[in-house]
Amino acid sequence: MDVSAITPPLLGVLKGQMPARPPLWLMRQAGRYLPEYRALRAEKGGFLDLCYDPASAAEVTLQPIRRFGFDGAILFSDILVVPHALGQHLWFETGEGPRLAPPLSGADLADLAPAPERLAPVIETVRRVRAALSPETTFLGFAGSPWTVATYMVAGQGSRDHAAARRLAYGDPVRFGGIIAAIVEMTVDYLSAQIEAGVDAVQLFDSWAGSLSPDQFREWVIAPNAAIVAGLKARHPETPIIGFPKGAGAKLIDYAAGTGVDALGLDETLDPSWANRELPRGMPVQGNLDPLALIAGGATLDRAVDEILEALAGRPHIFNLGHGILPDTPIAYVERLVARVRGL
């Protein structure tokens with residue numbers, strides 16, 4: 001058999017196919033709930049050291065595939081490598097999360113010295129994973145969407161309400177729009193490089209999309225994501241793009257219509273029956289098990305899985321969590337989830 005002719009199940013769903021059982025992967029599946037990840041992280045030291053070491057990042061990407069046989073491998077990296085490439089300093093404070101300097105709430109984007117070469121180790125990771133991955137497994141690249149990335153760039157760190165970015169977007173939309181435009185341009189180049197190095201599809205993570213009003217959502221979520229999709233489709237028209245605007249709620253309908261993404265990620269707050277009824281007919285969706293239902297395990301987990309499978313049985317569906325897997329998730333419960341989804 002010519003392995004180059006194989007369409008992996010997950011990639012097939014992104015192209016509109018409907019297998020008897022949905023393919024499966026989990027956001028943050030390569031991470032702290034795995035002992036093999038924790039061992040490698042301890043050996044490498046800092047999180048960024050792990051992300052920027054291609055051999056280690058490739059190993060982390062492959063760990064959950066070896067253990068669970070997921071249908072998709074997601075590149076191990078971080079959304080903040082893009083602002084790092086745009087010239088901000090990036091580091092992680094132990095127990096406190098990422099830091100970016102200078103914060104663009106006060107500093108000028110034009111004063112930064114872009115360093116796109118900082119992304120080269122990530123692209124080398126893609127090449128290594130591609131060489132090691134079986135043809136049955138879809139390889140997913142990703143980037144943060146401009147609004148979410150901008151919230152970190154403006155504040156210099158994460159925040160609960162993203163007030164610094166929202167204030168700047170309202171108070172000086174021209175300056176904020178310049179930041180968004182720079183993120184869009186870098187993201188198109190970055191994702192294009194991932195595709196050229198071997199990923200089969202890409203996902204845009206807009207983790208903080210839910211913090212915006214409808215008008216601001218259209219301006220800072222839909223429009224920038226549409227620009228990224230258009231830029232990528234001009235270069236790689238056959239590569240599927242998954243959009244994941246967490247917290248969008250009913251605004252997901254406008255997002256689907258306005259961005260041009262090929263598939264939609266559903267967070268755990270969405271009723272999958274509503275999604276099946278209201279989203280464009282035939283559009284692939286991904287999701288949307290509550291990560292805490294996975295931690296609960298047992299009958300609670302089984303019931304939640306079955307409800308999602310039933311609700312989304314009428315359209316192309318990739319089973320996933322509604323957000324990232326939590327560090328205290330028992331491995332046995334992930335095994336139970338995989339078996340349930342696959343009908344084993």
Side-chain angles (χ1 to χ4, degrees), residues 7-15 23-31 50-65 70-85 116 118-146 148-149 183-207 224-225 227-245 259-265 284 286 318 320 324:
T7 300
L10 196 155
L11 185 60
V13 170
L14 290 174
K15 293 177 179 289
L24 166 72
W25 71 280
L26 303 180
M27 284 183 275
R28 292 192 191 141
Q29 65 189 23
L50 196 58
C51 287
Y52 283 144
D53 176 52
S56 298
E59 167 62 21
V60 171
T61 301
L62 294 166
Q63 284 173 349
I65 307 305
F70 290 130
D71 297 290
I74 180 78
L75 171 66
F76 180 76
S77 185
D78 193 86
I79 65 170
L80 297 184
V81 298
V82 164
H84 197 210
R118 289 172 171 169
L119 299 173
V122 182
I123 304 308
E124 175 58 24
T125 298
V126 174
R127 296 190 189 98
R128 290 177 181 235
V129 173
R130 178 76 278 166
L133 208 57
S134 76
E136 292 83 12
T137 307
T138 297
F139 188 13
L140 298 161
F142 77 92
S145 288
T148 290
V149 173
I183 297 168
V184 167
E185 182 178 3
M186 183 67 75
T187 301
V188 171
D189 288 343
Y190 176 44
L191 289 177
S192 182
Q194 290 184 31
I195 293 165
E196 290 165 4
V199 303
D200 300 305
V202 296
Q203 176 157 312
L204 292 166
F205 284 89
D206 224 338
S207 301
N225 280 286
I228 291 172
V229 171
L232 286 176
K233 290 297 184 181
R235 302 186 197 184
H236 309 282
E238 299 302 316
T239 301
I241 302 169
I242 307 167
F244 179 57
T259 60
V261 296
D262 299 288
L264 290 169
Q286 176 179 274
I318 298 163
N320 207 314

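All figures in this text were calculated on a predicted structure; none of them were measured in a lab. Just so you know, these numbers use all the heavy atoms, side chains as well, and skip hydrogens, waters and symmetry mates.
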* **Pairwise side-chain contact, Leu14 with Asp262, heavy-atom cut-off 4.5 Å (strictly under)** => no
* Is there a donor in the side chain of Thr137 and an acceptor in the side chain of Ser134, or the other way round, less than 3.5 Å apart? -> yes
* Write down the atom of Val188, the atom of Ala227, and the distance for their closest heavy-atom approach. => CG2-O, 4.4 Å
* **Gap between atom CG of Asp189 and atom CG of Leu119 - 0.5 Å precision** => 9.5 Å
* Ignoring hydrogens and geometry, is there a side-chain-to-backbone donor-acceptor pair from Asn320 to Met27 under 3.5 Å? -> yes
* Residues Leu50, Glu59; criterion side-chain contact (heavy atoms from CB on, under 4.5 Å); working and verdict -> CA-CA 10 Å; Leu50 196 58; Glu59 167 62 21; over 6 Å; no
* Evaluate side-chain contact (heavy atoms from CB on, under 4.5 Å) for Phe70 paired with Leu26, printing each intermediate quantity in order. => CA-CA 8 Å; Phe70 290 130; Leu26 303 180; 3.8 Å; yes
* Step by step, work out the side-chain contact (heavy atoms from CB on, under 4.5 Å) result for Ile241 and Ile228. => CA-CA 10 Å; Ile241 302 169; Ile228 291 172; over 6 Å; no
* For the student: nearest non-hydrogen atoms of His236 and Ser192, plus distance -> NE2-OG, 2.7 Å
* Can you check whether Val199 reaches Phe139 side chain to side chain, under 4.5 Å on heavy atoms? -> yes
* To do: Look at the side chain of Thr7 and the backbone N and O of Gly12, then say whether any donor-acceptor pair between them is shorter than 3.5 Å.
  => no
* **Heavy-atom pair of closest approach, residues Cys51 and Ala57** => O-CB, 3.9 Å
* All salt bridge (charged side-chain N to carboxylate O under 4.0 Å, His left out) counterparts of Asp53, not counting sequence neighbours -> Lys44
* To do: Answer yes or no: is there a side-chain heavy-atom contact under 4.5 Å between Trp25 and Gln286?
  => yes
* Minimal non-hydrogen separation, Ala201 against Thr239, with atom names -> CA-CG2, 3.9 Å
* To do: Return the minimal non-hydrogen interatomic distance between Glu136 and Pro9, and the atom names on each side.
  => O-CD, 3.4 Å
Distance-only donor-acceptor pairs under 3.5 Å for side chains of residues 73-85, two or more places apart:
residue, atom, partner, partner atom, Å
Asp78, OD2, Leu80, N, 2.9
His84, ND1, Tyr52, OH, 2.8

* Separation between OG1 of Thr148 and CG of Asp206, rounded to the nearest 0.5 Å -> 3.5 Å
* CD of Glu124: more than 12 outside heavy atoms within 6.0 angstrom? -> yes
* To do: Side-chain contact test, heavy atoms from C-beta onward, threshold under 4.5 Å: evaluate it for Leu204 versus Leu191 and give yes or no.
  => yes
* Can you find a heavy atom in the side chain of Ile123 that is under 4.5 Å from one in the side chain of Gln194? -> yes
* What's the spacing between Thr187 OG1 and Phe142 CZ if we round to 0.5 Å? -> 11.5 Å
* Structure fact -> On a heavy-atom basis, the closest approach of Lys233 and Pro240 is NZ-CA, 4.2 Å
* Between Thr138 and Asp200: side-chain donor-acceptor atoms closer than 3.5 Å -> no
